[in-house]
2 protein chains.
Amino acid sequence: MTIGDIADLAGVSRSTVSRVFSRPELLNPATVARVRQVAERLGYVVNHAARALSTGRFGNIAVVVPDIANPFFPPLVRRVQARADREGYAVFLGDSDEVADREADLTQRLSAQVEGFVLASPRLDEDRIRELDIQRPIVLVNRDVEGLGRVLIDPSGGMDEAIAHLDRLGHQRVVYLSGPAESWSDQQRRQALATAAHSAGMDVIILELGRPSSEAGRDAVSGILSSGATAVIAFDDVVAQGVMSGLSLRGIDVPARMSVIGCDDTLASGTHPALTTISAASAAAGDAAAELLLAILRSGERESTRIVIPTHLVLRATTDVAPQQTG
Amino acid sequence: MTIGDIADLAGVSRSTVSRVFSRPELLNPATVARVRQVAERLGYVVNHAARALSTGRFGNIAVVVPDIANPFFPPLVRRVQARADREGYAVFLGDSDEVADREADLTQRLSAQVEGFVLASPRLDEDRIRELDIQRPIVLVNRDVEGLGRVLIDPSGGMDEAIAHLDRLGHQRVVYLSGPAESWSDQQRRQALATAAHSAGMDVIILELGRPSSEAGRDAVSGILSSGATAVIAFDDVVAQGVMSGLSLRGIDVPARMSVIGCDDTLASGTHPALTTISAASAAAGDAAAELLLAILRSGERESTRIVIPTHLVLRATTDVAPQQTG
DNA sequence: CTGAAAGCGCTAACAC
DNA sequence: GTGTTAGCGCTTTCAG
């Protein structure tokens, strides 16, 4: 089924048929209708490859995430796909499995057939991100690279509120369970926490976790307990959830003996007790990122817009009471 | 940057360069190395569109889901992407937002640039699925269409165990909260439940919910209570979670006054009390689906393999005790 | 408003 | 083991 077939059957030239599908406004409406009808009858669909070869545009974008199974990403991906779809773009999904080299492979291979990228929480080093951006425009989520479009979720608001809240309750030492080493978000969260804790005169102990998972959170419990801290702030809600499950196994009551705070607000009130967390609005980030990328593609000019999404503390039950006196 | 440029610089013909990237084993290793080097230096990447136009193959597949934010799908998508990636395929993601027509649009547009589809829990009617399969091979997940490849999660094992368990505890009436009308899984679950309940002599009351969401579950609580049932089985864990949250708001204890069972096992022990559920193994389904599609693409022949994944009941705290006597 | 013709970058016979 | 020669199906000047 090609343009040629339709041209013959409709008694027009190939060019006319082509125009029916690319610039119908240039044609006599009657011709358009006739051709459309023939095409419909034959179940014709344009050959994307041929069109792409001829125009140099693919009509595709890619969104790459470290782990689609991490609940922070699906809402983001969903919005990107929905937004792109309305603009006529198809969306590739890449999952780097949290490893930088896989991310590099994926983006490299995808770059041959996409107009641009949304890179969410990329684990790639800045140099490789820049190189890639030269080939195809990139919009970053949760990664701050000067000169590129980026959407950043700023944890400082939420972190300040979290520390203020813990301070008010009388906590003096808090554990931070870190995320992946390559994660910009993790660095931001550490930094924001350090700053907030410093000005409140609170001790921070950092426990390195690597891949954020419920298991990692559960395994961190003994370290948390031996630290002497009375509160823990986890890299994300999934980790926080693991901590709570580990704590519960040892019969340690939350929040009476340990306060727990997560990040991203991905679990709503689905935990017990309901988890206090720092908001993240991943859907909004997806919207903004898609919008930005599409604007860049529309204009053809790199825009280094930097969108910052503030966060706040979502108070729930895991930080309800003052720490129990020990020692 | 084209094959021609490299050919000139390396002092070989275009065909040789082409072969370096498609069938290097046919060439003198020295030539391959030399050409590779030149290509590398120039940062050459093959033009996917041109290759696709020439070969008729795109090296892409698509996976389409009704809602990527529903926790059942990400593990599935993840495995499909990982498996496809290893075979050199890139993967498109389509999210139909639970509406059949959007699914039709997506698949139709994608069909111009993919080798095949994985359709997970499609909402499309059988006719349109068949039509699409004529264009490109389809592997279905949780949808049983004769003649197509499909991976089916069979709820009957889990449902039998669930009813047996509830029966043992003394429950006599159970509410089923349904999923989307177009969902094959929902029909299977209803059917399996009806069969199991019938042979146990248990009453089943069906409450129609439509889109499965936590909110829908919460809103169903009054209906559940007025039904006189002592147990509820929800279409999925997300809905079950909503039910529990609604029950908790009304001060109704689970499991003392109401037992709750979910489906899909997507929340692990993350709820409180921990949710009894019927397993679903979406990651395994993703593996199987990808494997099947890739096998079809490799052989070029439609295989109507039908893979059935059994389920079982995962006992947790929400079904721990016998129903409290009322009335 | 429509047609003719050139060519996008690559692969695949077919020669040599 | 390598080069020559045709296209793949579409868009796009350029004419008319």
Integer-rounded Å distance: D/dT11 C1' and A/His48 NE2: 14 Å

Applying side chain to side chain contact (heavy atoms under 4.5 Å, CB included), can you list everything that pairs with A/Val38, at least two apart in sequence or on another chain? A/Ile6, A/Leu9, A/Ala10, A/Arg41, A/Leu42

Residues in side chain to side chain contact (heavy atoms under 4.5 Å, CB included) with B/Asn47, at least two apart? A/Leu53, B/Ala49, B/Ala50

Residues passing the side chain to side chain contact (heavy atoms under 4.5 Å, CB included) test with B/Asp105, sequence neighbours excluded, are none

Result block: side-chain N/O donor-acceptor pairs under 3.5 angstrom for residues 21-32 of chain B, not counting sequence neighbours:
unit_1	atom_1	unit_2	atom_2	d
B/Ser22	OG	B/Ser18	O	2.8
B/Asn28	OD1	B/Ala30	N	2.8
B/Thr31	OG1	B/Asn28	O	3.2

Mind checking what makes ring pair (Phe, Tyr, Trp, His ring centres under 6.0 Å) contact with A/Phe72, not counting sequence neighbours? none

Heavy-atom neighbours of B/Glu126 CD exceed 12 at 6.0 Å: yes

In whole angstrom, what separates B/Phe58's CZ from D/dC10's P? 11 Å

Which two nucleotides bound the region of DNA chain C that has atoms under 4.0 Å from heavy atoms of chain A, read 5' to 3'? C/dC1 to C/dG9

Using the salt bridge (charged side-chain N to carboxylate O under 4.0 Å, His left out) rule, collect all pairs that involve residues 52-77 of chain B, keeping only residues at least two apart or in two chains. A/Arg78-B/Asp67, B/Arg57-B/Glu115, B/Asp67-B/Arg211

Non-neighbouring partners of A/Phe58 that pass ring pair (Phe, Tyr, Trp, His ring centres under 6.0 Å), sequence neighbours left out: none

Please enumerate all protein N or O atoms sitting under 3.5 Å from an N or O of nucleotides 3-6 of chain D, with distances to 0.1 Å.
unit_1	atom_1	unit_2	atom_2	d
D/dG3	OP2	B/Ser13	N	2.9
D/dG3	OP2	B/Ser13	OG	3.0
D/dG3	OP2	B/Thr16	OG1	2.4
D/dG3	N7	B/Arg19	NH2	2.7
D/dG3	O6	B/Arg19	NH1	3.4
D/dG3	O6	B/Arg19	NH2	3.1
D/dT4	O4	B/Ser15	OG	2.8

Do any of residues 22-39 of chain A sit with a heavy atom less than 4.0 Å from DNA chain C, and if so which? A/Leu27, A/Asn28, A/Thr31

Classify the nucleic acid contact of A/Thr55 as base, sugar-phosphate or nothing, counting any heavy atom under 4.0 Å across all strands shown. sugar-phosphate

Nucleotide D/dC8, atom C1' - distance to CZ of A/Arg51 in whole Å: 16 Å

Can you list the residues that meet the side chain to side chain contact (heavy atoms under 4.5 Å, CB included) rule with A/Ser13, with sequence neighbours excluded? A/Ser15, A/Thr16

Is it true that B/Asp85 and B/Arg79 make a salt bridge, defined as a side-chain N closer than 4.0 Å to a carboxylate O? no

So, using salt bridge (Lys or Arg N to Asp or Glu O under 4.0 Å) as the criterion, who are the partners of B/Arg123 when residues are at least two apart? B/Glu98

Nearest-Å distance for atom pair CE/P, residues A/Met1 and D/dG9: 10 Å

